[in-house]
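Read through the structure below, which is laid out as structure tokens, and then see the notes.
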Amino acid sequence: MSERHVAIVDANDFYVSCERVFDPSLVGRPVVVLSNNDGCVVARSAEAKALEIDMAVPWHRIADRARMLGVVARSSNYELYGDMSARAAEILSRRTASQEVYSIDESFIALEGTVDDAIAQAQAIRAELRRLVGLPMSVGIASTKTLAKLANRGSKSNPALGGVCHLGAYSAARQEAILASIDVGDVWGIGRRTARRLAPLGIGTAADLRAADATLVRRRCSVVQERVVHELRGIDCLPLEDVQEGRDQIQHSRSFAVPITTAAELAEVLSVYTQRAAARARAQGSMARAMRCFAATSPFAAGSHVSHVVSVAFPEATDDPLVLHRAAVAALGPQLEPGRRYVRAGVSLHELVDRASHATLDVFGTAGDERPGTSAVVDDIAERFGEQSVGLGLAGLRARRAWTMRRDMVSPRATTHWDELAVVHAR
DNA sequence: TCTGGGGTCCTAGGACCC
DNA sequence: TCTGGGGTCCTAGGACCC
């Protein structure tokens with residue numbers, strides 16, 4: 001019988017797998033990849049998991065023990081991962097009529113045919129991605145996205161399946177048993193808070209949630225969780241969205257390697273961050289009508305923790321880093337409290353409008369003091385000579401500032417920079 | 001000494017209007 | 001002395017995901 005199947009295709013331990021493609025000596029060894037600033041563990045190889053190295057644990061807390069156990073740590077190399085991700089998504093797109101790129105290492109796709117057909121296609125896709133990009137993938141298939149996510153867990157936990165699991169290949173009784181073995185907090189869309197809220201209702205597993213009164217779930221939680229109930233029953237509530245449009249919101253935020261304490265340092269930070277955000281807005285053809293900025297102290301440090309958040313509305317949508325920077329400094333600068341040690345700041349652009357359809361309307365002539373071509377010129381130079389080659393004001397940082405990110409164990413950007421290509425030695 | 005970053009969606013509550 | 005109710009819009013914050 002021909003039907004439509006939803007599949008989730010994702011890479012196993014994606015960041016670690018990317019590192020291994022260009023450094024095969026890492027294969028078979030325990031490897032972790034760290035977040036920005038080498039802060040915490042964000043990806044682990046199977047061998048690292050077996051050593052009970054937890055996800056999201058601060059690296060400084062376990063570094064000594066991990067090194068003793070032979071664990072290799074890498075700083076995150078997002079340029080490499082982003083490029084590998086784009087290659088994998090492109091290859092996958094040739095294999096399906098509809099694809100939703102869901103995250104850096106996952107796509108939902110639609111498959112047609114019988115259950116056996118779908119499994120065969122998934123296996124072909126897996127083999128192709130392995131061969132052409134070098135990444136190990138897993139595929140979960142079912143009638144809805146939420147069930148496909150559960151199948152994907154199965155494909156990883158049961159090696160006998162060869163990386164592909166179709167829930168529809170099992171009898172109803174077997175499916176019930178599978179759902180009964182899964183914690184409700186492990187269901188896609190049910191987080192820790194919601195799981196705690198569902199417990200008093202006697203809902204502890206995926207099977208419990210599927211059998212629950214959907215209206216009650218909505219009352220106690222929200223419409224999001226009610227949809228999960230229907231999705232678990234095979235009722236499709238979350239259709240594939242293949243349109244690849246720009247983001248609704250663009251954010252650039254970073255933790256600092258060392259805290260900042262002065263308004264002058266904050267102005268430097270905001271100069272860099274607004275330019276990064278503006279460049280990304282221009283790259284997707286957007287201009288912003290609103291911006292939010294924040295600066296925060298460490299929630300882990302002794303004493304009180306503060307986070308200053310400010311919102312700015314622009315009378316005219318803009319993508320000009322100078323306008324953004326001035327507004328950010330004017331709004332956030334006065335909020336700084338003397339003596340505080342700020343460890344993180346960020347800029348986000350909201351209410352994005354399409355630049356092409358946005359005709360500048362400057363009735364009062366207030367925009368006259370900005371040079372319209374500046375941003376385009378900066379983009380152009382950055383494109384041709386690299387991001388470090390140019391920046392407005394303080395973003396053209398010649399001397400590396402103390403607060404910039406720490407990345408002590410970063411691998412080469414082997415797919416995007418000629419001078420960092422992998423070198424192959426013949427024997 | 002050292003605890004990530006970038007998103008989405010939903011809800012509650014306030015402001016405002018008639 | 002008595003002081004409604006329904007609707008919309010906006011924003012901040014919560015929850016979740018990877």
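Note that the structure is a prediction, hence the values are computed from the model and not measured. Below, chains carry the letters A, B, ... as their sequence lines are ordered, and counting in each starts from 1.
Looking at A:Gln121 and A:His5, their side chains never come closer than 4.5 Å, going by heavy atoms from C-beta outward.
OP1 and OP2 of B:dT1 both lie 4.0 Å or more from every side-chain N or O belonging to A:Arg406. For A:Trp188, a side-chain nitrogen or oxygen approaches OP1 or OP2 of C:dC18 to under 4.0 Å. Of the side-chain N and O atoms in A:Ser348, none sit less than 4.0 angstrom from OP1 or OP2 of B:dG6. Side-chain N/O atoms of A:Arg292 include none lying less than 4.0 angstrom from OP1 or OP2 on C:dT11. Contact between the side-chain N/O atoms of A:Lys149 and the OP1/OP2 oxygens of C:dC16 is not found at any separation under 4.0 Å. Remark: A:Arg344 is in phosphate contact with B:dG5, judged by side-chain N or O atoms under 4.0 Å from OP1 or OP2. Between A:Ser255 and B:dG4 there is a side-chain N or O to OP1 or OP2 distance below 4.0 Å. Regarding contacts with the backbone of B:dG6, a side-chain N or O of A:His252 is found under 4.0 angstrom from either OP1 or OP2. For A:Thr194 and C:dC16, the shortest distance from a side-chain N or O to OP1 or OP2 is below 4.0 Å. Between A:Ser222 and the phosphate of B:dC9, there is no side-chain N or O to OP1/OP2 separation shorter than 4.0 Å.
Between A:Ser253 and A:Pro58, the residue anchored closer to the 5' end of DNA chain B is A:Pro58, taking for each the nucleotide with the nearest heavy atom. Place A:Gln251 and A:Phe300 on DNA chain B by their nearest nucleotides, and A:Phe300 ends up nearer the 5' end.
Applying the 3.5 Å distance criterion, the base of B:dT8 shares no donor-acceptor pair with the side chain of A:Arg247.
Nucleic acid contact class of A:Val223 (heavy atoms, under 4.0 Å, all strands): sugar-phosphate only. Within 4.0 Å (heavy atoms only), A:Phe14 reaches no atom of the nucleic acid at all. Contacts of A:Arg61 with the nucleic acid, taken as non-hydrogen atoms under 4.0 Å apart, include base atoms. A:Asn37 comes within 4.0 angstrom of no nucleic acid atom, judged by non-hydrogen atoms across all strands. No engagement by A:Leu34 is indicated, since no non-hydrogen atom pair under 4.0 Å with the nucleic acid exists. Here A:Val41 lies out of heavy-atom contact (under 4.0 Å) with every strand. If you check every strand for non-hydrogen atoms under 4.0 Å, A:Ile250 touches sugar and phosphate atoms only.
As rounded to the nearest Å, B:dC16 and C:dG4 have C1' atoms that lie 15 Å from one another.
Taking the side chain of A:Arg227 as heavy atoms from C-beta on, and the options B:dG4, B:dT3, B:dC9, the nearest nucleotide is B:dC9.
A:Ser304 and A:Arg340 share a side-chain donor-acceptor pair at under 3.5 Å.
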